[in-house]
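What follows is a set of notes on a single structure, which appears directly below.
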Amino acid sequence: MNRPAGFALAFAVATCLGGSAIDGFDFPDPETYERYQRLITDFRCPKCLNESIASSGAPIAVDLRRTVRRLMEEGATNDAIRDHLQERYGDFVLYDPPFKPSTWFLWFSPVVLLVVGIYVLMRVARRSAASATSSDDLDRARRLLRDRT
């Protein structure tokens with residue numbers, strides 16, 4: 001086999017083997033596997049920002065998946081696993097941060113922005129309606145119509 005074909009074959013094999021599985025965990029039953037999958041999709045990767053630890057390939061995400069698996073094997077409940085990761089990485093690791101004074105901005109900012117947006121739209125609509133139907137404009141339109149006939 002010539003050199004380029006050998007490199008291409010080696011690359012193809014390495015690519016196929018490298019992408020076959022992220023984690024090689026064995027689970028005793030399908031319910032445990034489903035619980036694991038639900039848990040790892042509920043946590044945000046501290047490095048990747050908008051990716052869950054389930055979909056991230058970052059080393060920290062791999063470590064967090066191992067931690068979740070280890071805690072499950074030790075018999076920890078979902079809440080205990082959540083508390084453990086939250087204690088270590090803060091509220092950022094949660095996709096749904098708890099409702100407390102330090103996260104009020106996260107919870108209320110969409111509502112505040114919506115109210116401000118509605119207020120601005122109403123003001124603009126009133127100004128445009130008021131300027132379109134001023135008495136001077138109506139009088140001018142009437143005069144133009146009279147002069148035309």
Side-chain angles (χ1 to χ4, degrees), residues 4-5 7-25 27 29-72 76-149:
F7 284 128
L9 180 62
F11 179 74
V13 169
T15 303
C16 292
L17 292 177
S20 63
I22 292 176
D23 298 318
F25 298 139
F27 294 93
D29 53 54
E31 292 82 22
T32 306
Y33 174 74
E34 287 178 24
R35 177 181 171 220
Y36 172 76
Q37 289 299 319
R38 279 193 309 271
L39 279 169
I40 64 173
T41 57
D42 286 345
F43 297 112
R44 179 178 307 168
C45 174
K47 182 177 181 182
C48 304
L49 302 182
N50 283 333
E51 271 188 274
S52 70
I53 63 172
S55 60
S56 175
I60 187 77
V62 173
D63 289 342
L64 288 173
R65 288 192 298 267
R66 285 186 194 132
T67 300
V68 169
R69 172 68 178 173
R70 179 182 50 80
L71 291 171
M72 286 177 64
T77 64
N78 290 359
D79 288 336
I81 294 170
R82 178 185 171 108
D83 292 343
H84 175 80
L85 293 179
Q86 184 179 4
E87 180 182 315
R88 182 159 181 170
Y89 296 98
D91 293 334
F92 178 79
V93 78
L94 305 174
Y95 274 118
D96 56 338
F99 189 74
K100 61 184 183 181
S102 64
T103 60
W104 284 355
F105 177 75
L106 293 172
W107 287 100
F108 291 124
S109 60
V111 174
V112 169
L113 289 173
L114 179 66
V115 169
V116 168
I118 290 171
Y119 175 75
V120 168
L121 284 174
M122 289 175 60
R123 295 281 298 197
V124 168
R126 283 184 187 164
R127 283 186 183 169
S128 65
S131 67
T133 58
S134 69
S135 60
D136 293 339
D137 289 340
L138 289 175
D139 290 340
R140 184 171 171 237
R142 284 187 187 121
R143 272 185 280 143
L144 288 171
L145 286 173
R146 246 184 284 132
D147 292 343
R148 191 168 187 212
T149 55

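Source: prediction; values computed, not measured.
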Mind checking what makes side chain to side chain contact (heavy atoms under 4.5 Å, CB included) contact with Val116, not counting sequence neighbours? Val112, Val120
Any chance you could measure Leu144, atom CG, to Arg142, atom CZ, to the nearest 0.5 Å? 12.0 Å
When you look at Arg127 and Val124, which way does the side chain to side chain contact (heavy atoms under 4.5 Å, CB included) test go after all the steps? CA-CA 5 Å; Arg127 283 186 183 169; Val124 168; 5.9 Å; no
Run Arg38 and Glu34 through side chain to side chain contact (heavy atoms under 4.5 Å, CB included) and show every step you take. CA-CA 6 Å; Arg38 279 193 309 271; Glu34 287 178 24; 3.9 Å; yes
One should read off an interatomic distance between Leu94 CG and Arg44 CZ, to the nearest 0.5 angstrom, of 8.5 Å
Applying side chain to side chain contact (heavy atoms under 4.5 Å, CB included) to Leu71 and His84, what does each step give before you reach the verdict? CA-CA 9 Å; Leu71 291 171; His84 175 80; 3.6 Å; yes
Between atom CZ of Arg65 and atom SG of Cys45, what is the distance when rounded to the nearest 0.5 Å? 8.5 Å
Inspect the surroundings of CG in Asn50 and state if more than 12 heavy atoms from other residues, nucleotides or ligands are less than 6.0 Å away. no
Spacing of Thr67 atom OG1 and Ile40 atom CD1 [to the nearest 0.5 Å]: 12.0 Å
Are there more than 12 heavy atoms of other residues, nucleotides or ligands under 6.0 Å from atom OH of Tyr119? no
Where do Val62 and Gly57 come nearest, in terms of heavy atoms and distance? CG2-O, 4.3 Å
Do the ring planes of Tyr33 and Tyr36 sit parallel (below 30°), tilted (30 to 60°) or perpendicular (above 60°)? tilted
Do the rings of Trp104 and Phe99 sit parallel, tilted or perpendicular, given the 30° and 60° boundaries? tilted
Could I get the full list of side chain to side chain contact (heavy atoms under 4.5 Å, CB included) partners for Tyr89, not counting sequence neighbours? Pro46, Ile60, Leu64, Leu85, Val93
The reported gap from CD1 in Ile53 to NZ in Lys47 (rounded to nearest 0.5 angstrom) is 15.0 Å
Taking side chain to side chain contact (heavy atoms under 4.5 Å, CB included) as the definition, give me every residue that meets it alongside Thr77, ordered by chain and number, with sequence neighbours left out. Asp79, Ala80
Neighbour count above 12 (heavy atom, 6.0 Å) for Arg70 CZ: yes
Gap separating the CG atom of Asn78 from the CG atom of Asp83, nearest 0.5 angstrom: 11.0 Å
